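Since the structure comes first, as structure tokens, the remarks are kept for the end.
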Number of protein chains: 2
Amino acid sequence: MGKLSTREKIIEIADQLFYEQGYEFTSFAHIAEKVGISRGNFYHHFKTKDDILEAVIQKRLVDREALLSNWEKDAKTPKERILLYTRILIFNQDKILQFGCPVGTLTSELSKLDHPMTDQAGSIMTLFREWLKSQFLQYGFQESEADDHALHVLAWSQGVATLANTFKDTEFVNREVAGISQWLDEALLSLSTQ
Amino acid sequence: MGKLSTREKIIEIADQLFYEQGYEFTSFAHIAEKVGISRGNFYHHFKTKDDILEAVIQKRLVDREALLSNWEKDAKTPKERILLYTRILIFNQDKILQFGCPVGTLTSELSKLDHPMTDQAGSIMTLFREWLKSQFLQYGFQESEADDHALHVLAWSQGVATLANTFKDTEFVNREVAGISQWLDEALLSLSTQ
DNA sequence: GTCTATATAGAGATAGAC
DNA sequence: GTCTATCTCTATATAGAC
């Protein structure tokens, strides 16, 4: 990727700090210091804290869309793709044990702050929801059932991330990810016996 | 219950505000105003923000212990008791749609703040974990399996609370709570066929 | 126990020189 | 585009009168 503009650097650092410390706690001074610029310069790029939050959410959306697009290429079956989703919990285990799920924790925080960007943050969850739903649709599930399954996988993953953060238990994460895989097999099996 | 002391009133309001707005965002001024006392008076009762957080967590622990104790009386079988736990998601649905799970969201927030009380907040989750485990033990599950099941029920509930907050979908909550009940039946069935 | 007044630090945000 | 200097507001916290 090479060089990033100051603006891009700010977004990247802010993304990281919002995840690791939370949005409310993270200050402009903190971001500016990590980027290596003055606070005055910071305001040249972003006028308000909401502006930078918006840019961070936008970046997360773009990043996740690229991720999903890669999975479409890397995995041949919808089942493999769904499992790739659940394995975020394993690939990013270190971060998740420390800070939870970036999507779930940001939405939760903004929701409590009654922040105008809450719905935008939720749209990242919606992105995964729609993508998971499309995988289930490819197996011939009805619209509503495919969506129910998508929400179920999302909820399961979110719960695992939350408890992983609370108890710092990698074995638990491995067990639950295997559990999702098993549940998926059963869901697909029930489909063929209908 | 009748009259509450000023101290008790502060703890109660702080408990509510930490849940609804988050710990970091809630200020002494905000709590004092809702209690109807001056900031100066506030400091007579609690010297630091950490002190009041500690009192809130302590109160939550006591409240939850009383809740679990009631469930032991109200429900005759371990299965009924576990289902009472999952039905918090239904009883408290309005609050959960608005603010998520009070236990999970506080632990998550404190974890990001790297707050010294993070582990104390986690002990509320541990309380439920141990209690759920003891219910599974009564069915003859092995120690480790009973604990795995307890964590599974906890994670599932946490995930449902997170997504309920994101999507404000009561039907989803009802479906998932029914799903936990069904999973529980299957887990108990697998036990008798071993 | 409760109040007013105040100290101090940090936040978000702006102005203007370079 | 980057900086220093500054404004304003709000936060935690303290002192001391009643």
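Chain letters run A, B, ... following the sequence lines, proteins first and then strands; every chain starts at 1. In this text the structure is predicted, and so the values were computed from the model without any measurement.
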Is the shortest side-chain N to carboxylate O distance from B:Lys112 to A:Glu109 below 4.0 Å?
no
Is it true that A:Lys79 and A:Asp185 have a side-chain N and a carboxylate O under 4.0 angstrom from each other?
yes
May I have the distance from [X] (atom [atom1]) to [N] (atom [atom2]), rounded to whole angstrom?
X        : N      : atom1 : atom2 : result
B:Gln21  : D:dA11 : CD    : C1'   : 14 Å
A:Tyr43  : C:dT14 : OH    : C1'   : 9 Å
B:Lys49  : D:dT10 : NZ    : C1'   : 12 Å
B:His115 : D:dT12 : NE2   : C1'   : 13 Å
B:Ile31  : D:dA13 : CD1   : C1'   : 14 Å
A:Phe46  : C:dA11 : CZ    : C1'   : 19 Å
A:Leu53  : C:dA11 : CG    : C1'   : 17 Å
A:Glu24  : D:dT12 : CD    : P     : 11 Å

Under 3.5 Å, is there a donor-acceptor pair between the side chain of [X] and the main chain of [Y]?
X        : Y        : result
B:Glu33  : B:His30  : no
B:Lys76  : B:Arg81  : no
B:Thr166 : A:Met125 : no

Less than 6.0 angstrom from the centroid, inside 45 degrees of the normal: does A:Lys133 satisfy that with respect to the ring of A:Phe141?
no
As a quick check of understanding, evaluate ring-ring contact (aromatic ring centres under 6.0 Å, His included) for B:Phe167 and B:Phe172, giving each step before the final call.
CA-CA 9 Å; B:Phe167 294 123; B:Phe172 158 74; 7.8 Å; no
Would you list the protein and nucleotides 1-4 of chain C atom pairs, both N or O, that sit under 3.5 Å from each other?
residue	atom	partner	partner atom	Å
C:dT2	OP1	B:Thr6	OG1	3.2
C:dT2	OP2	B:Thr6	OG1	3.1
C:dT2	OP2	B:His45	NE2	3.1
C:dT2	O5'	B:Asn41	ND2	2.8
C:dC3	OP2	B:Ser38	N	2.8
C:dC3	OP2	B:Ser38	OG	3.1
C:dC3	OP2	B:Asn41	ND2	3.3

Which atom names give the shortest non-hydrogen contact between A:Tyr19 and A:Gly100, and what distance separates them?
OH-O, 2.6 Å
Nearest heavy-atom neighbours spanning A:Leu17 and A:Lys34
CD2-CD, 4.1 Å
Classify B:Thr26 by what it touches in the nucleic acid, base, sugar-phosphate, or nothing, heavy-atom distance under 4.0 Å.
sugar-phosphate
Between the axis at one end of the helix from C:dG1-D:dC18 to C:dC18-D:dG1 and the axis at the other (five pairs apiece), what's the angle to 10 degrees?
0°
